[in-house]
Amino acid sequence: LPSGAQLDRIVVMGHSAGSNHVSTLFLSEDVLPLSSPVRAATRGLVPKGGAFKFAFEGPPMLPGNVLEEYYGSQEATLLKMPTALVAGASEALIKSLPDVFVLRSEREPATIQAACDDFVRDLETRRGGKIRYDIMQGHNHISPHMALMTGEGEQWAETVAEWVKITVN
């Protein structure tokens with residue numbers, strides 16, 4: 001950046017686990033305090049294909065004990081997963097959130113589809129209004145990125161680019 005320039009129009013996107021990282025970053029005051037200049041400069045969050053909610057009953061969502069290794073324990077997972085952070089966030093934190101645009105692929109695994117639906121519903125309830133939520137038509141969990149620069153299946157990226165232009169201005 002040129003001398004004296006400031007970053008004040010950030011949009012953060014994450015896919016899959018990155019979606020959970022982005023969500024956790026902005027939903028946890030312990031990770032990103034309300035007074036953070038990064039929080040103040042961020043205009044938008046774009047979590048895509050996130051498994052925002054985990055359960056330990058039924059078939060495992062991930063191999064081995066990935067969740068326990070990441071979060072520390074099953075109990076910590078249930079407290080720190082993004083849907084739990086939405087539920088437990090202070091009003092000040094909810095008000096501090098930038099615009100949010102959640103995406104998921106049309107052919108996501110059922111657990112991710114349900115987790116995205118729940119995350120959006122819970123966040124809308126806490127914020128008291130709609131957030132942008134789109135389905136990337138014709139895609140599975142990894143294909144949206146493979147479609148970029150091919151001329152086919154890129155509509156989701158064009159939609160996000162337009163949203164970013166509107167959101168940062």
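Small disclaimer: the values here were computed from a predicted structure and weren't measured.
- One distance of note links NZ of Lys53 with OG1 of Thr77; it measures 14.5 Å at 0.5 Å rounding.
- Ser73 OG to Lys80 NZ: the interatomic distance, rounded to the nearest 0.5 Å, is 7.5 Å.
- Using modelled atom types and a 3.5 Å distance limit, the side chains of Gln155 and Thr159 yield a donor-acceptor pair.
- Defined by atom type and a distance below 3.5 Å, a donor-acceptor pair is present between the side-chain atoms of Glu68 and Gln74.
- The CZ atom of Arg121 lies 12.5 Å from the SG atom of Cys116; values are rounded to the nearest 0.5 Å.
- Take Phe101 and apply the ring-ring contact (aromatic ring centres under 6.0 Å, His included) test, not counting sequence neighbours, and it matches Trp163.
- Looking only at atom types and distance, the side chain of Asn169 has no donor-acceptor partner in the side chain of Arg43 under 3.5 Å away.
- Leu103 and Ile131 end up in different hydrophobic clusters when Ile, Leu, Val, Met, Phe, Trp and Tyr side chains are linked at under 4.5 Å.
- In terms of hydrophobic clustering, with Ile, Leu, Val, Met, Phe, Trp and Tyr side chains grouped at heavy-atom distances under 4.5 Å, Trp156 and Ile135 are assigned to different clusters.
- Ring geometry for His141 against His15 counts as tilted: the plane angle lies between 30° and 60°, on a 0 to 90° scale.
- A side-chain donor-acceptor contact under 3.5 Å links Thr24 to the backbone of Asn20.
- Applying side-chain contact (heavy atoms from CB on, under 4.5 Å) to Val12 and the options Val38, Leu25, Val22, Val46 leaves one that passes, Val22.
- Closest of all the heavy-atom pairs between Ser19 and Pro47 is OG-CB, 2.9 Å.
- The side-chain heavy atoms of Lys48 and Met13, taken from C-beta on, include a pair separated by under 4.5 Å.
- Between the Glu29 side chain and the Leu34 main chain, no donor and acceptor come within less than 3.5 Å of each other.
- Proximity of a side-chain donor or acceptor of Ser143 to a complementary backbone N or O of Met146 within less than 3.5 Å is not detected.
- Rounding to the nearest 0.5 angstrom, the gap separating the CD atom in Glu106 from the CG atom in Asn140 is 10.5 Å.
- Taken from OG1 in Thr83 to CZ in Phe52, the straight-line distance is 9.5 Å, to the nearest 0.5 Å.
- Scored by the side-chain contact (heavy atoms from CB on, under 4.5 Å) test, Tyr70 finds His21 as partners (sequence neighbours excluded).
- Under the salt bridge (Lys or Arg N to Asp or Glu O under 4.0 Å) criterion, the residue pairs touching residues 125-145 are Glu91-Arg126, Glu124-Lys130, Arg132-Asp134, with sequence neighbours excluded.
- Criterion: ILVMFWY side-chain heavy atoms under 4.5 Å apart, direct or through other members. Under it, Leu45 and Tyr133 are part of a common hydrophobic cluster.
- By the rule that hydrophobic residues join a cluster once side-chain heavy atoms approach within less than 4.5 Å of another member, Ile112 and Met81 end up as members of one cluster.
- Counting only heavy atoms from C-beta outward, the side chains of Thr42 and Phe26 approach each other to under 4.5 Å.
- In the hydrophobic clustering of this structure, Ile166 does not group with Val160; members are Ile, Leu, Val, Met, Phe, Trp, Tyr whose side-chain heavy atoms approach within less than 4.5 Å, directly or through other members.
- Checking side-chain atoms of Arg39 against main-chain N and O of Leu32 turns up a donor-acceptor pair under 3.5 Å.
- Atom CD of Glu152 is surrounded by 12 or fewer heavy atoms from other residues, nucleotides or ligands within 6.0 Å.
- Looking only at distances, a side-chain donor or acceptor of Ser96 sits under 3.5 Å from a matching main-chain atom of Leu93.
- The shortest side-chain heavy-atom distance between Leu123 and Leu97 falls under the 4.5 Å cut-off.
- Within the 3.5 Å criterion, the main-chain N or O of Pro109 finds no donor-acceptor partner in the side chain of Gln113.
- Summarising the local packing, CD1 of Ile94 is surrounded by more than 12 heavy atoms from other residues, nucleotides or ligands at distances under 6.0 Å.
- Residues Val100 and Val102 are in side-chain contact: their nearest non-hydrogen atoms beyond the backbone lie under 4.5 Å apart.
- What you find for Leu148 and Ala157 is that their closest heavy atoms are CD2-CB, 3.5 Å.
- Summarising the geometry of Phe54 relative to Leu78, their closest heavy-atom pair is O-CD2, 3.6 Å, with the distance given to 0.1 Å.
- Listed for the His139 side chain is a donor-acceptor partner under 3.5 Å among the backbone atoms of Gly153.
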